[in-house]
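To keep things clear, I will list the structure first and then write my remarks on it.
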Amino acid sequence: MSRGGEHEIVVIEGDGIGQEVIPAAVAVLQAVDEVGFSFTEKQAGDDTRDQTGAALPETTYEAAADADATLFGAAGETAADVILPLREAVGSFVNIRPARAYPGVDALQPETDLVFLRENTEGVYSGHEDRLSEDLSTLTRVITTSASEQLAEYACSYVTERSIDGFHTVHKANVMQETDGRFRDAVSRVAASNDVATNEVLMDAFATRVCLNPTQFDVVVCPNLAGDVLSDLAAGLVGGLGLLPSANIGQTNALFEPVHGTAPDIAGDGIANPSASILSAGMLLEYLGETDAATNVQMAVESVLNSGPRTPDLGGNASTEAVVNAVIEQLSSH
Ligand code: ATP
Ligand code: MG
């Protein structure tokens, strides 16, 4: 917990470009003069498994559980063994994934500005797979009323606090009548009891509608897998995975990570786009109640996205380091 006004942040770079974009985000947080942090580095991921035998050492799990907040990069083939328990370590029940198009960045849909509130504990991610025969494999899908209600309560506070007019619920309850039917009913019950307006959209219809006209959506509440897939789709609408941050929020703790993975094709080249990670650090500041600092970080990233330098994924030729330095320069000019 916080000591002497400092926020205790656990930093887990993980694998691939996590080792490039997370140091970038930490450098930006260190440049935020008005907020004090103490950073503790912890290990997880493929490299950690190779060195220690465990992809997620107990000490890393405990540190994330005890920290004020955790900043995480990405894990390679051990991703499921790392991020699922880490989300559990912080008791996270919702994954917030904003997808915004930014001025200056080429986007398929430049008006996009929406946020996914993704259920973060169940669906197919907590179900288990079985190989029943040479020909047959199965997967169970877990949906509980309690997790669906907890997500919906969060969604109601989220839109109410921001004066947003309701949210969309995405599901496929016409086919998965028992599981997504339970999800849909729980969400609409909670919304009704909070006087929050909701619209329902079938998952497949949502995919088309968001591509054609993303401005019809603002806050989108969805089950786990749908949120995973549809937020990557939205990344495509706004200019790529290098731009999307995320927050895993729990009752007393939280973990922040870019939506992208380890990007093995560019790892080690020093050209990864640090925006997603820096924006995740911005969400961390907001979560810690450091609202001004959060706004400043967000604005600094937006300003650099608009004027450059830009990394190759955004059509530029700048290094990660050049972008980070430009963001820090913007921060200190305020
Ligand atoms: P993983 O299995 O770890 O998810 P992946 O091959 O799916 O790895 P992602 O990290 O999900 O890779 O990214 C998909 C593609 O998007 C990458 O090949 C990479 O080119 C691009 N990409 C993702 N993140 C970034 C980033 N921060 N900067 C630049 N390009 C990125
Ligand atoms: Mg990926």
Side-chain angles (χ1 to χ4, degrees), residues 17 20-35 69 71 73 96-116 158 161-164 210 214-215 217-220 231-247 256-260 263 271-334:
I17 62 168
E20 300 163 51
V21 294
I22 294 302
V26 171
V28 170
L29 286 177
Q30 281 169 329
V32 175
D33 286 335
E34 64 268 36
V35 186
L71 198 53
I96 309 176
R97 298 186 156 197
R100 280 182 63 193
Y102 295 97
V105 176
D106 248 348
L108 284 174
Q109 287 292 6
E111 304 300 319
T112 309
D113 184 3
L114 53 92
V115 55
F116 292 92
Y158 189 94
E161 280 163 20
R162 290 164 178 78
S163 305
I164 298 170
V210 75
T215 60
F217 301 111
D218 194 342
V219 175
V220 179
S231 58
D232 263 40
L233 183 149
L237 298 180
V238 302
L241 278 169
L243 294 171
L244 264 67
S246 83
F256 301 82
E257 54 170 333
V259 166
H260 64 72
I271 54 161
N273 186 346
S275 303
S277 288
I278 299 172
L279 291 169
S280 299
M283 293 180 83
L284 178 149
L285 287 167
E286 192 181 331
Y287 169 77
L288 293 173
E290 304 289 359
T291 317
D292 291 347
T295 307
N296 290 342
V297 167
Q298 171 87 25
M299 281 169 49
V301 172
E302 281 179 36
S303 160
V304 172
L305 286 172
N306 195 13
S307 61
R310 297 190 191 91
T311 44
D313 57 305
L314 299 180
N317 55 16
S319 65
T320 305
E321 193 184 358
V323 174
V324 176
N325 289 341
V327 170
I328 290 173
E329 204 167 299
Q330 274 300 319
L331 268 183
S332 42
S333 73
H334 283 290

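Evaluation of the side chain to side chain donor-acceptor pair (under 3.5 Å) test over residues 280-291, restricted to residues two or more places apart or in two chains, returns H7-E290, R162-E286. Among residue pairs with one or both ends in residues 315-325, none qualify as side chain to side chain donor-acceptor pair (under 3.5 Å); sequence neighbours excluded.
The side-chain contact (heavy atoms from CB on, under 4.5 Å) test applied to A247 returns I96, I249, F256, M283, not counting sequence neighbours. Residues passing the side-chain hydrogen bond (donor to acceptor under 3.5 Å, both in side chains) test with T215 are N213, sequence neighbours excluded. Evaluation of the side-chain hydrogen bond (donor to acceptor under 3.5 Å, both in side chains) rule for R310 yields no partner, not counting sequence neighbours. T295 is linked by a side-chain contact (heavy atoms from CB on, under 4.5 Å) to M299, counting only residues two or more places apart in sequence or in another chain.
Taking every heavy atom of both residues into account, V21 and P274 meet most closely at CG1-CA, 3.9 Å. In this structure, S277 and P258 approach most closely via the heavy-atom pair OG-CG, 3.5 Å. In plain terms, the two heavy atoms of A101 and P110 that are nearest each other are CB-O, 3.3 Å. Across L233 and V210, no two heavy atoms sit closer than the pair CD2-CG1, 3.5 Å. Nearest heavy-atom pair across A27 and V324 is CB-CG1, 4.3 Å. For I328 against A31, the heavy-atom pair with the smallest separation is CG2-CB, 3.8 Å.
Distance OG/S333 to CG/N296: 9.5 Å, rounded to 0.5 Å. The OG atom of S275 lies 4.5 Å from the CG atom of L305; values are rounded to the nearest 0.5 Å. Here the CZ atom belonging to R100 is positioned 11.0 Å from the CG atom belonging to L114, to the nearest 0.5 angstrom. For the atom pair OG of S231 and CG of L241, the computed distance is 8.5 Å after rounding to the nearest 0.5 Å. Atoms OG1 and OH, from T112 and Y102 in turn, are 11.0 Å apart once rounded to the nearest 0.5 Å.
Residues L71 and L29 are in side-chain contact: their nearest non-hydrogen atoms beyond the backbone lie under 4.5 Å apart. Between V35 and L288, every side-chain heavy-atom pair lies at or beyond the 4.5 Å cut-off. H260 has its side chain out of reach of N273: every pair of non-hydrogen atoms, C-beta onward, lies at least 4.5 Å apart.
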Please test V238 against V105 for side chain to side chain contact (heavy atoms under 4.5 Å, CB included), starting from the C-alpha separation and ending with a verdict. CA-CA 8 Å; V238 302; V105 176; over 6 Å; no

Given the rule in the side chain to side chain contact (heavy atoms under 4.5 Å, CB included) test, do V323 and V304 qualify, once you have shown the distances and angles that lead to the verdict? CA-CA 7 Å; V323 174; V304 172; 4.2 Å; yes

Take V26 and Q30, measure what side chain to side chain contact (heavy atoms under 4.5 Å, CB included) needs, and give me the verdict at the end. CA-CA 6 Å; V26 171; Q30 281 169 329; 3.9 Å; yes

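Applying the side-chain contact (heavy atoms from CB on, under 4.5 Å) test between L243 and each of L314, L279, D313 identifies L314 as the sole match.
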